[in-house]
Amino acid sequence: MAGPVSFFFEVLFSGLLAGVMYSLVALGFVLIYKASGVFNFAQGAMVFFAALTFVSLVERGVNFWLAMAITLAVMILLGILTERVVLRPLINQPPITLFMATIGLTFFLEGLSQGIWGAQPHGLDIGIRDEPMEWLADRTGMFLSQFDLFASGIAAVLVTVLALFFQRTRIGRALRAVADDHQAALAVGIPLKHIWAIVWAVAGFVALVAGLLWGARTGVQYALTFVALKALPVLILGGFESIAGAIVGGLIIGASEKLAEVYLGPYVGGGIESWFPYVLALAFLLFRPEGLFGEKHIDRV
Amino acid sequence: MRADATAQQGAGGGTAPATGAARAVGAPILVVEGVSLAFGGVKALQGVSFDVREHEIRAIIGPNGAGKSSMLNVINGVYHPQEGTITFKGRSRHDMVVHEAAAQGIGRTFQNIALFRGMTVLDNIMTGRNLKIRSTFLEQALWIGRAKREELEHRRKVEEIIDFLEIQHIRKTPVGRLPYGLQKRVELARALAMEPELLLLDEPMAGMNLEEKQDMCRFVLDVNEQFGTTIVLIEHDMGVVMDISDRVVVLDYGRKIADGTPDEVRANQAVIDAYLGVAH
Amino acid sequence: MAETLDTFPRLLMHHAKVRPDRPAMREKALGIWQTWTWREIAEEVRLVACGLAAEGLTRGQHLALVGENRPRLYFAMAAAQSLGAIPVPLYQDAVAQEMVYVLRDAEVTHAITEDQEQVDKLLEILPECPKLAHIYYDDPRGLRSYAQPQLASYERLLERGRDYGAEHPGFFEAEVAKGAAEDTAAMHYTSGTTAHPKGVVLTYRNLIECGRNAAQMEGLTDREDVLAYLPLAWIGQNIFSYTQWLVAGFCVNCPESPETVMTDLREIAPTYYFAPPRVLEALLTQVTIRMEDAARIKRWMYGYFMGVARRVGGRILDGKPVGVADRLLYWLGDLLVYGPLRNVLGMSRVRVAYTAGEAIGPDLFTFYRSIGINMKQLYGSTETSVFVCIQPNGQIKPDTVGPPAPGVEVKVTDVGEILIRSPGLFREYYKNPQATAEAKTPDGWFRTGDAGYFDQDGHLKILDRAKDVGKLVDGTLFAPKYLENKLKFFPYVKEAVAFGDGRAMVCCMINIDFEAVGNWAERRNLAYSGYADLASRPEVYGLVRDCVEKVNADLAADPKLANSQIHRFLILHKELDADDEELTRTRKVRRGFIGDKFGVLVEALYSGRKEQFIETKVRFEDGRTGSISATLRIEDAKTFAPAAAKRAA
Amino acid sequence: MLYREAGQFRATYAEDQQIFPLRQDRIGVAALLVFAFVVIPLVGDQYWLSAILTPFLIFALAALGLNILTGYAGQLSLGTAAFMAVGAFATYNFVLRVPGIPILVAFVLAGICAALVGIAFGLPSLRIKGFYLAVATLAAQFFVLWAIQRIGWITNYSASGVITAQNYSILGIPIDTPVSKYVLTLSIVTVLALLAKNLARSETGRAFMAVRDMDVAASVIGIPLMRTKLLAFAISSFYCGVAGALYAYTYLGTVEPEAFNLDLSFRILFMIIIGGVGSVLGSFLGAAFIVLLPIVLNYVVPPVSEATGIEISHAIISNLELMIFGGLIIFFLIVEPHGLARLWQIGKEKLRLWPFPH
């Protein structure tokens with residue numbers, strides 16, 4: 001089955017797998033947006049911060065799992081602090097103000113993480129090689145990275161866990177209630193402020209997972225913060241409020257970006273992944289401003 | 001002492017006959033026919049028809065949720081009805097486009113004050129003149145010729161409105177700092193600055209104290225008398241409506257249940273039922 | 001040339017020729033200061049005069065002016081004078097009934113009003129004033145549907161004038177030429193603390209000579225700016241904003257509305273300013289209230305530099321020697337406090353300021369002088385065309401009104417009454433030869449009814465109305481106004497009425513200043529439901545008692561007045577009001593009337609009672625009457641032995 | 001205190017609507033201009049002129065451009081640097097390909113190019129608002145840089161995309177010294193700031209602010225949303241384009257596309273947040289703050305480091321800078337959302353009311 005067709009599928013699958021990685025980052029955005037209406041631009045910086053903290057701990061000889069635990073604790077603390085220091089004073093401000101505050105937070109975190117751990121890039125080895133799976137290549141002629149497959153698996157597990165968390169636990173239900181109606185959330189009996197702290201902590205956890213996977217793939221360096229930028233078109237496509245949208249959006253962006261790069265890139269000089277997802281998302285926006293899974297809002301006057 | 005003086009003036013204005021000789025009600029300027037509007041499954045308006053004659057004060061009343069604001073929003077194109085036609089100044093159309101409605105001469109105030117909060121009173125009212133400004137942004141940037149001249153001419157017009165509504169003392173105040181009653185007045189001023197032929201007032205007296213209401217009544221009557229502006233107003237306060245309007249439309253659950261002079265409407269059984277049915 | 005400029009219309013034509021394009025009058029309207037040049041005014045006056053002539057106004061008839069300071073009312077005044085008719089300004093805040101007497105007495109045929117409010121009043125009394133046949137209004141707002149045949153707009157009058165002028169070329173100029181210096185220029189009704197008001201007939205010569213003398217003395221030029229904010233009916237307003245306007249050719253500015261006078265004052269920053277003491281008092285109260293809300297360091301700074309100003313400010317203004325250190329301190333104070341204060345008060349450019357109309361408390365007077373405002377006292381009355389005494393620059397004493405103005409003779413009779421002879425002396429009381437004979441001696445002296453004497457520098461010192469100055473039982477001099485003014489210097493005291501003539505001691509009724517005391521109460525979280533409630537609070541009584549006792553301490557320092565310290569006082573439950581006749585329209589306390597009206601209170605003050613019930617009638621703005629009642633507390637104030645008090649430094 | 005306003009009254013609307021109605025302000029601005037145009041060129045040293053003042057002015061201009069869009073018209077943009085890039089590279093091409101073109105004409109044309117690109121990327125603003133729009137403007141950021149890097153014609157086929165500004169002169173005077181470059185920049189920025197002030201006080205400015213404050217009400221009084229928003233994008237991008245041209249021609253001389261990266265866009269956004277959203281003055285204050293902060297840090301930190309014995313490397317200073325920027329953004333958004341310009345205004349009000357409290 002070698003030839004253009006299998007090459008097409010190879011590109012498509014590797015795109016889809018990369019898309020899962022985008023989804024993972026987008027998931028962090030969606031979580032926070034759903035619960036507190038904040039578009040957290042700092043998600044990328046949180047990913048970087050988590051990965052850098054973890055890798056620096058490991059390099060200093062800390063046991064893998066212990067480093068994981070410490071990093072998780074740090075991320076949760078960071079989430080709570082963010083809620084306390086940045087968001088709470090800005091409550092009831094227009095969303096665009098909160099958005100700008102998270103841009104400020106982005107810079108702060110970038111400065112903080114590099115200030116503490118240094119700016120030099122680190123390699124991160126989590127035991128999975130980023131090389132094609134031979135058995136798949138042998139049978140289908142497609143070269144797919146086993147790392148990507150592994151990452152997708154992790155992402156799938158994470159999404160499932162989160163879905164269960166939202167559906168089955170009291171906190172999860174409260175979170176969903178918050179997204180719909182702040183008053184209703186109060187009725188569930190959990191103070192809004194706790195809920196926000198929890199959400200930020202969960203988002204911190206997601207950032208950690210994303211950070212580890214992305215860090216293992218590209219190395220832990222400043223550029224990691226840019227993965228957030230990859231997630232933005234995903235969000236536009238999938239809608240800010242939908243977990244499913246984040247996943248589907250990620251897959252679409254990942255696949256179309258790779259396909260465009262391979263089949264369209266040569267004609268325009270290549271390197272179009274930097275903007276193609278945006279243009280795609282924008283074109284999409286013009287027809288459906290609320291995103292794939294978002295709800296249509298009527299402006300009442 | 002000064003507040004009393006104003007009140008006295010107000011009383012003077014009130015004693016003058018509401019339908020003075022200066023004002024002759026003319027032919028219909030606006031005809032609404034069979035308008036239906038729904039949001040998703042919620043039917044806000046169902047087959048509503050009525051007309052508004054030139055120079056008259058026409059009230060739309062009804063219990064909460066009767067579709068009064070929706071009606072205004074249809075007239076000036078904020079909402080687009082699923083059915084029906086709107087005929088304004090002889091031109092029929094299925095729906096209005098908002099800024100076209102403005103260009104056609106429909107002015108509007110909102111129930112929940114819709115002022116530009118970051119701007120001063122003067123600037124807010126000046127925006128009402130924007131449609132009438134012909135100079136381009138380039139001329140404005142260079143502040144030459146036509147741009148400067150227009151700016152100053154319109155400032156004078158706006159000052160006349162400021163004077164008319166007695167808000168001279170807050171001219172340069174950012175609107176956000178004003179008390180509610182004054183904000184309402186500024187919003188009216190902004191609508192007046194458009195020199196509209198038809199003025200839609202969405203609960204102009206809501207949330208005001210008695211004195212403010214009296215003032216606002218006087219202003220509405222004065223606008224009608226002095227400029228001959230046709231006015232459609234929604235108001236909750238029945239007393240006010242009956243005092244100042246020529247004819248009244250009553251809506252309930254999106255349907256028209258009565259239409260006529262204040263006295264006719266007051267005597268209408270359907271209206272009495274609708275109002276008694278509303279818990280206060 | 002100066003001889004021919006002997007009537008106002010001629011002066012106006014003169015300015016239109018000499019300085020046609022200089023601003024003559026401004027009015028804040030539609031957000032800016034609309035300006036009229038002399039030429040424009042002359043032209044408009046011509047139209048109005050022609051219009052009035054077309055409408056039947058003839059030489060010798062009276063034209064009533066009812067309204068705030070609006071340029072068009074001034075134009076109408078000049079227009080009437082051009083025709084030889086006599087303008088009669090009325091107090092615009094008078095209720096309709098109060099206008100009846102004047103309109104009938106002067107047989108007014110034409111009236112120019114400001115707006116609907118005034119039109120309504122005149123229409124109300126129209127049946128009682130059958131001669132009033134023409135009413136014009138400046139602002140047409142709300143008057144569209146009025147159908148009365150007497151009514152017409154000012155614009156209509158202008159139109160009539162345009163037509164009439166076209167039909168009768170040269171009419172206006174001929175009418176102006178007919179005027180003579182001895183013609184009646186204006187008639188002002190005295191506020192009438194007793195009986196009916198009297199129309200004071202003033203000729204062109206009266207007003208113009210007086211105005212010109214004073215203008216020369218103060219060096220007024222055509223570059224002055226004046227704010228016209230006091231009632232047109234007050235003679236002072238006529239002198240400063242009309243007579244001297246035409247004499248000197250400066251610019252008169254009309255505020256946007258009575259509410260915006262403070263802002264307008266600040267914008268214009270007049271160079272020539274006048275204010276009755278109550279306005280200066282109100283300003284000082286504002287300053288005090290606002291400074292109380294300032295940060296502590298600013299309050300300290302204010303207090304410190306005001307101390308410096310009290311010590312040396314007046315001397316510096318008078319050009320007297322002051323030490324270098326004090327000069328430096330005053331300079332610093334000027335930078336930090338006095339200059340900014342003059343700026344926020346709108347008095348940065350004041351060259352000459354007068355306070356007139358009533359005696360001013362020395363402390364209040366000194367305050368303005370100490371911050372560098374050349375405030376002077378002026379003594380005069382309607383009958384003397386205002387100017388009798390003026391304090392010359394550099395010779396200011398807070399307790400005298402200065403030496404006689406140029407051309408004025410003053411003498412004091414044996415019983416202490418002040419007599420005046422001057423070019424400004426009125427011709428007569430209108431249609432009242434008996435009153436004229438009582439007021440004017442056969443050899444031309446005017447009895448002022450004021451008591452006073454010349455001090456060693458030849459400055460006239462006014463004690464009070466001659467009939468008001470009395471004696472306590474022990475023979476001590478009792479000058480109630482002097483005490484009242486001392487009390488009124490405190491921001492918390494709005495009005496005070498002192499009693500003591502023929503009594504053993506002095507007692508006092510006090511009106512608190514609602515705003516100042518209200519502010520004070522709010523800062524102490526003291527809740528109150530209204531004026532009467534606030535006035536009855538023990539805390540407020542304590543506050544006022546402090547004021548009274550400070551006055552007593554001051555009085556104790558003066559041997560002549562030490563015995564007239566205030567022993568007992570009460571705080572009135574209502575604000576004294578001109579509508580209830582407790583004040584005159586110029587807001588002077590009518591002591592006798594109050595003594596009668598609140599007789600039970602006076603009695604309670606002297607009988608040593610601790611409280612007293614009182615019921616009083618009040619009249620509301622709309623003419624309705626009602627009654628209010630209260631039980632008032634009466635408190636004793638500490639008095640000081642003359643020997644125990646040290647002389648104030 | 002310093003503001004003695006008594007006696008400053010207006011007898012015409014022209015007086016009332018002038019840019020600086022207070023005499024003291026007019027004097028202050030005049031003095032500042034004299035200082036900037038005369039004193040600084042006489043006494044300023046090379047380092048200050050070319051490394052601090054010139055970039056400050058350019059950043060202020062870019063911030064002003066962003067402020068027109070974000071502060072006045074309420075449309076958040078994260079693509080400022082892209083519009084600057086368009087200006088820079090367009091100027092390069094105009095000078096390169098149109099022989100003898102006057103440099104000022106090239107600047108204006110470059111601004112117009114940027115405006116056109118701005119309109120193209122402003123189109124989504126018709127359907128989307130808020131951070132959706134902000135994300136959309138990122139597309140401009142990435143697409144424009146990509147296009148410049150990949151389309152060789154734009155950089156005249158320079159290998160790395162680097163261009164070098166050509167020599168140029170105005171009225172025969174070569175602009176090749178720090179002083180001449182500074183004066184040129186200052187002149188352009190002054191004129192454009194004046195134009196921005198004029199726009200802000202006229203119909204266009206009011207339409208922008210109306211759309212910003214309440215778009216429904218704006219359309220109800222007849223302000224066409226589409227035209228207004230696109231005009232805001234166009235004018236804003238014009239300013240940014242000219243700023244970009246100056247960035248290349250009076251500041252750096254040699255630029256690569258990467259100089260106009262997202263980081264620069266953010267920096268300019270920070271300038272307006274710290275300086276003051278919706279304020280011309282704020283654009284200058286913010287630019288001054290962001291330009292001066294690193295310099296101040298470099299002066300302050302080493303002595304502190306020596307005194308305390310804690311070794312603070314240059315890398316740490318730059319990270320500290322990031323943290324301070326980020327922290328300040330959050331601080332200003334919370335404490336004073338209208339930035340330094342508002343603080344300035346409050347101070348001025350205090351002086352006007354002195355000795356009374358504000």
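When reading the values below, keep in mind they use all heavy atoms of this one structure, side chains included, and skip hydrogens, waters and symmetry mates.
Both the backbone and the side chain of D:Leu322 come within less than 4.5 Å of a heavy atom of chain A. Both the backbone and the side chain of A:Leu112 come within contact range of chain D, judged by heavy atoms closer than 4.5 Å. Heavy atoms of D:Phe270 lying under 4.5 Å from chain A belong exclusively to its side chain. Neither the backbone nor the side chain of D:Ala217 comes within contact range of chain A; no heavy atom of the residue lies under 4.5 Å from a heavy atom of that chain. For chain A, the nearby parts of D:Leu333 are the backbone and the side chain; heavy atoms of each come within less than 4.5 Å. In this structure, chain A has no heavy atom under 4.5 Å from any part of D:Leu328. Of the atoms belonging to A:Phe276, not a single heavy atom falls under 4.5 Å from chain D.
Of all the listed residues (A:Leu229, A:Thr102, A:Val279, A:Val85), the one sharing the greatest number of non-hydrogen pairs under 4.5 Å with chain D is A:Leu229. When the candidates A:Gly118, A:Ala101, A:Pro94 are compared by the number of heavy-atom contacts under 4.5 Å with chain D, A:Ala101 comes out ahead. Of the listed residues (A:Ile103, A:Leu105, A:Leu109, A:Leu98), the greatest number of heavy-atom pairs within a distance under 4.5 Å of chain D belongs to A:Ile103. Taking chain A as the reference chain and counting heavy-atom pairs below 4.5 Å, the highest number among D:Leu123, D:Leu269, D:Leu76, D:Leu78 is found for D:Leu76.
The CG atom of A:Leu264 sits 5.0 Å away from the CD1 atom of A:Ile272 when rounded to the nearest 0.5 Å. Considering CZ of A:Phe49 and CD of A:Gln114, their distance stands at 11.5 Å, rounded to 0.5 Å.
Smallest separation of non-hydrogen atoms from D:Ala81 and D:Ser265: N-OG, 2.9 Å. Taking all atoms of both residues into account, the shortest heavy-atom contact from D:Gly118 to D:Ser237 is CA-OG, 3.2 Å. Shortest non-hydrogen contact noted between D:Ala140 and D:Ala82 is O-CB, 3.7 Å.
At distances below 3.5 Å, not a single donor-acceptor pair connects side-chain atoms of D:Asp215 with backbone N or O atoms of D:Ala218.
Looking only at side-chain heavy atoms (C-beta outward), D:Leu340 and D:Phe332 come within less than 4.5 Å of each other.
Aromatic pair D:Phe266/D:Phe325: ring centres not closer than 6.0 Å.
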